[in-house]
Amino acid sequence: MSLASVADIIKGVIPVGEIASVNGWVRTRRDSKAGISFLAIYDGSCFDPIQAVIENTLENYQSDVLSLTAGCSVKITGKVVESMGKGQSFEIQATKVEIYGLVEDPDTYPMSAKRHSIEYLREVAHLRPRTNIIGAVARVRNTLSQAIHRFYNEEGYLWVSTPILTGSDCEGAGEMFRVSTLDFENLPLTDDGKVDFNEDFFGKETFLTVSGQLNAETYACALSKVYTFGPTFRAENSNTTRHLAEFWMVEPEIAFADLADAANLAEKMLKYVFAAVLAERPDDMAFFAQRVDKECITRLENMVERDFVRMDYTDAIEILKNCDKKFDFPVEWGVDLQSEHERYLAEVHVGGPVILQNYPKDIKAFYMRLNDDGKTVAAMDVLAPGIGEIIGGAQREERLDVLDRRMKEMNIEPEDMWWYRDLRRYGTVPHAGFGLGFERLVSYVTGVQNIRDVIPFPRAPRSANF
RNA sequence: UCCCCGAUAGUUCAGUUGGUAGAACGCCGGACUGUUAAUCCGUAUGUCGCUGGUUCGAGUCCAGCUCGGGGAGCCA
């Protein structure tokens, strides 16, 4: 007699004939007047529910079993048997049904066994993990994050926890959320009438981080191979299917490495985690392929097999200028690529993910390494069909004089970056890294198109519920 | 932030030129069946997002607002 997960029984871990108990929730109940009821029980351990067969000779059959509806929580005890019916290999022949909690009004229980729109589910984010689709997303998301940690561990990278609160306002990646303990109704002022942040908790202005990169660089310039995996915050007023105000980012940083090393690492990492999902979550992926995105499995299989295409920005511009497609935004060397351009390159020209490299320096950040041509920097973006930029990275400028010049061009005070500059003053090394948007990865893998559905509780402009 | 679209039963949706509010599924009741969000029959569904306007009369037309979706920008 043991406590089993639904996955244990479905996978045959529990031997036939053994008595086991399962804790879980009812998805459906079907009654047969032959004198039995069938319960589909799920507990999150795998996609499929386990079928429990309940005979009407059970003492609480009339009083309890017949009142079970979708969402009720139960403990089923009984013998694991090979199923007499079609559709499942094993089932549990119940000898005992215990109820933890009933659904107080089945008519208004927000989660019916029938289909719901993904937008509706977002309004009941506290109950949506009970659905097939969000449960599957949660398991794939977990598999991806475990695989990421496993990959970097096997490759000899250290996981570095970079700060979430930061006093550095030139991280440069976007608008920041202010963090303060000041009384907004009664702000302390300096003599010239400005807010006196010396009175604030940290004695200076502080924000939520928009990237762990600069901190990660310090550890890479000592421990050689590191990565961060943590939450990131952007106060941009972005209302799209691929932006969140709070999202998770994976940022590896490698010392003694150049742009090609970073691109190779990105390709190897993506292939590793895609293979992990295919191997570990075939049940959930089959559901996505059936109900969400027909191509999602073959897409991953292809990406594991094929080499990623690498392309220089300059060549991409030529391709876009010479192709038949008319774009809304004109293409010229020096312009930042628009969504329509990136989509064309990934979806039409390459037909798969493409690594774009060596962008004009004027459209990229100050820390990216200036190439010998003096016009471009060693930056790269991994563009995925349907999603766009999934990874953005660069070789970092390790030459102090060039870095200082670039900061001046972009109106960044070198004194504010004194500790970042120290890395270049004391034993500088070439190094490179990138940032992977974790939710974009989950979205790409599952085919679930809106990023708000691949994170449990999405935060976006005017939206911070639950 | 900009452009386009939408909001009607628990859910998914229909609702004609402005004239008494509809279906399916779910719920509930019954029938049937080792059943597979099963099938069949029946009952009950409602602040038509909010506020105002036009009209004899508004779910329908107009304005404002709120919320949601898609696209763009910003980016991961």
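Order of the sequence lines sets the chain letters (A, B, ...), proteins ahead of strands, with each chain counted from 1.
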Would you say Lys271(A) has more than 12 foreign heavy atoms packed within less than 6.0 Å of its NZ?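 Yes - once you tally the heavy atoms of other residues, nucleotides and ligands closer than 6.0 Å, there are more than 12.
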Would you mind reading off the distance between [X] atom [atom1] and [N] atom [atom2], rounded to a whole angstrom?
X: Leu66(A); N: C28(B); atom1: CG; atom2: P; result: 11 Å
X: Tyr109(A); N: C27(B); atom1: OH; atom2: P; result: 13 Å
X: Ile451(A); N: G70(B); atom1: CD1; atom2: P; result: 12 Å
X: Glu253(A); N: A76(B); atom1: CD; atom2: P; result: 14 Å
X: Leu436(A); N: C75(B); atom1: CG; atom2: C1'; result: 14 Å
X: Phe438(A); N: C75(B); atom1: CZ; atom2: C1'; result: 18 Å
X: Arg242(A); N: G69(B); atom1: CZ; atom2: C1'; result: 15 Å
X: Ile387(A); N: C75(B); atom1: CD1; atom2: C1'; result: 13 Å

Checking contacts here: which listed nucleotide ([options]) is nearest the side-chain heavy atoms of [X]?
X: Gln338(A); options: C67(B), G71(B), A72(B); result: A72(B)
X: Arg234(A); options: A37(B), A76(B), C74(B); result: A76(B)
X: Arg30(A); options: A76(B), G69(B), A37(B); result: A37(B)
X: Asn239(A); options: U1(B), G68(B), C67(B); result: U1(B)
X: Ser339(A); options: G68(B), G34(B), G73(B); result: G73(B)
X: His243(A); options: U35(B), G68(B), C74(B); result: C74(B)
X: Phe38(A); options: C75(B), U35(B), A72(B); result: U35(B)

Roughly how far, to the nearest 0.5 Å, is OG of Ser67(A) from CD of Gln62(A)? 10.5 Å
5'-most contact on RNA chain B: Asp381(A) or Arg462(A), nearest heavy atom basis? Arg462(A)
Between Met84(A) and Arg29(A), which is nearer to the 5' end of RNA chain B once each is assigned its nearest nucleotide? Met84(A)
Output one line per pair: protein atom, nucleotide atom from nucleotides 29-33 of chain B, and distance, for all N/O pairs under 3.5 Å.
from	atom 1	to	atom 2	distance (Å)
C32(B)	N4	Lys33(A)	NZ	3.4
U33(B)	N3	Asp31(A)	O	2.9
U33(B)	O4	Asp31(A)	O	2.4
U33(B)	O4	Ser32(A)	N	3.2
U33(B)	O4	Lys33(A)	N	2.8

For Watson-Crick and G-U wobble pairs within 3.5 Å on both distances, what is RNA chain B written in dot-bracket notation, | included for inter-strand pairing? (((((((..((((.....[..))))..((((.......))))......(((((..]....))))))))))))....
Indicate, with yes or no, if the rings of Phe229(A) and Phe438(A) have centres closer together than 6.0 Å. yes
is_close_aromatic(Phe327(A), Tyr344(A)), centroid dist under 6.0 Å: yes
Quick one: which of Tyr227(A), Tyr157(A), Tyr272(A) gives a ring-ring contact (aromatic ring centres under 6.0 Å, His included) with His149(A)? Tyr227(A)
Taking the six-membered ring of Tyr42(A) as reference, does the NZ or CZ atom of Arg27(A) fall below 6.0 Å from its centre and within a 45° cone about the axis?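 Yes, a cation-pi geometry.
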Side chains of Ser32(A) and Arg30(A): any donor to acceptor distance under 3.5 Å? no
Between Asp43(A) and Ser45(A), a side-chain donor and acceptor under 3.5 Å: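 There is such a pair (donor and acceptor under 3.5 Å, judged by atom type) between the side chains of Asp43(A) and Ser45(A).
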Using atom C1' of each nucleotide, how far apart are A38(B) and A31(B) to the nearest Å? 14 Å
Produce the list of close N/O pairs, under 3.5 Å, pairing protein atoms with atoms of nucleotides 47-49 of chain B; give distances to one decimal.
none

Does Val277(A) reach the side chain of Met285(A), with side-chain heavy atoms less than 4.5 Å apart?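 Contact flag for Val277(A)/Met285(A) side chains = yes.
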Look for any protein N or O under 3.5 Å of an N or O in nucleotides 12-15 of chain B and output each such pair with its distance, or none.
from	atom 1	to	atom 2	distance (Å)
U12(B)	OP1	Ser117(A)	OG	2.8

Once hydrogens and angles are ignored, does a donor-acceptor distance under 3.5 Å link the base of U35(B) to the side chain of Gln88(A)? yes
Does the base of C74(B) carry an N or O that pairs as donor and acceptor with the side chain of Ser238(A) under 3.5 Å? yes
Can you list everything that forms a side chain to side chain donor-acceptor pair (under 3.5 Å) with [X]? Sequence neighbours excluded, please.
X: Asn153(A); answer: none
X: Trp159(A); answer: none
X: Glu332(A); answer: Lys321(A)

Look at [X] together with [Y] and state whether they make a salt bridge at an N to O cut-off of under 4.0 Å.
X: Glu155(A); Y: Lys268(A); value: yes
X: Asp381(A); Y: Lys364(A); value: yes
X: Lys375(A); Y: Asp362(A); value: no

In residues 48-57 of chain A, which ones come under 4.0 Å of RNA chain B, going by heavy atoms? Gln51(A), Val53(A)
Partners meeting side chain to side chain contact (heavy atoms under 4.5 Å, CB included) with Asp293(A) (sequence neighbours left out): Glu295(A), Cys296(A), Arg299(A)
Categorize [X] for me: base, sugar-phosphate, or nothing, with a 4.0 angstrom heavy-atom threshold over every strand shown.
X: Leu244(A); result: base
X: Arg291(A); result: base
X: Thr241(A); result: sugar-phosphate

Can you name the one residue among Glu217(A), Gln395(A), Gln213(A) that meets side-chain hydrogen bond (donor to acceptor under 3.5 Å, both in side chains) with Tyr367(A)?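 Testing Tyr367(A) for a side-chain hydrogen bond (donor to acceptor under 3.5 Å, both in side chains) against Glu217(A), Gln395(A), Gln213(A) leaves exactly one candidate, Gln213(A).
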Could you tell me which non-hydrogen atom of Gly212(A) sits nearest to which non-hydrogen atom of Glu251(A), and how far apart they are?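 For Gly212(A) versus Glu251(A), the nearest heavy atoms are N-OE1, 2.8 Å.
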Please produce a list of atom pairs where a protein N or O lies less than 3.5 Å from an N or O of nucleotides 24-26 of chain B.
from	atom 1	to	atom 2	distance (Å)
G26(B)	N2	Asp107(A)	OD1	2.6

ring-ring contact (aromatic ring centres under 6.0 Å, His included) with Phe434(A): which residues, sequence neighbours excluded? none
Per-pair distances, 0.1 Å, donor-acceptor, side chain in residues 91-105 of chain A, under 3.5 Å, sequence neighbours excluded:
from	atom 1	to	atom 2	distance (Å)
Glu91(A)	OE1	Gln51(A)	NE2	3.1
Glu91(A)	OE1	Ser83(A)	OG	2.8
Gln93(A)	NE2	Glu55(A)	OE2	3.4
Thr95(A)	OG1	Thr77(A)	O	3.2
Tyr100(A)	OH	Asn23(A)	OD1	2.7
Asp105(A)	OD1	Asp107(A)	N	3.2
Asp105(A)	OD2	Thr108(A)	OG1	3.1

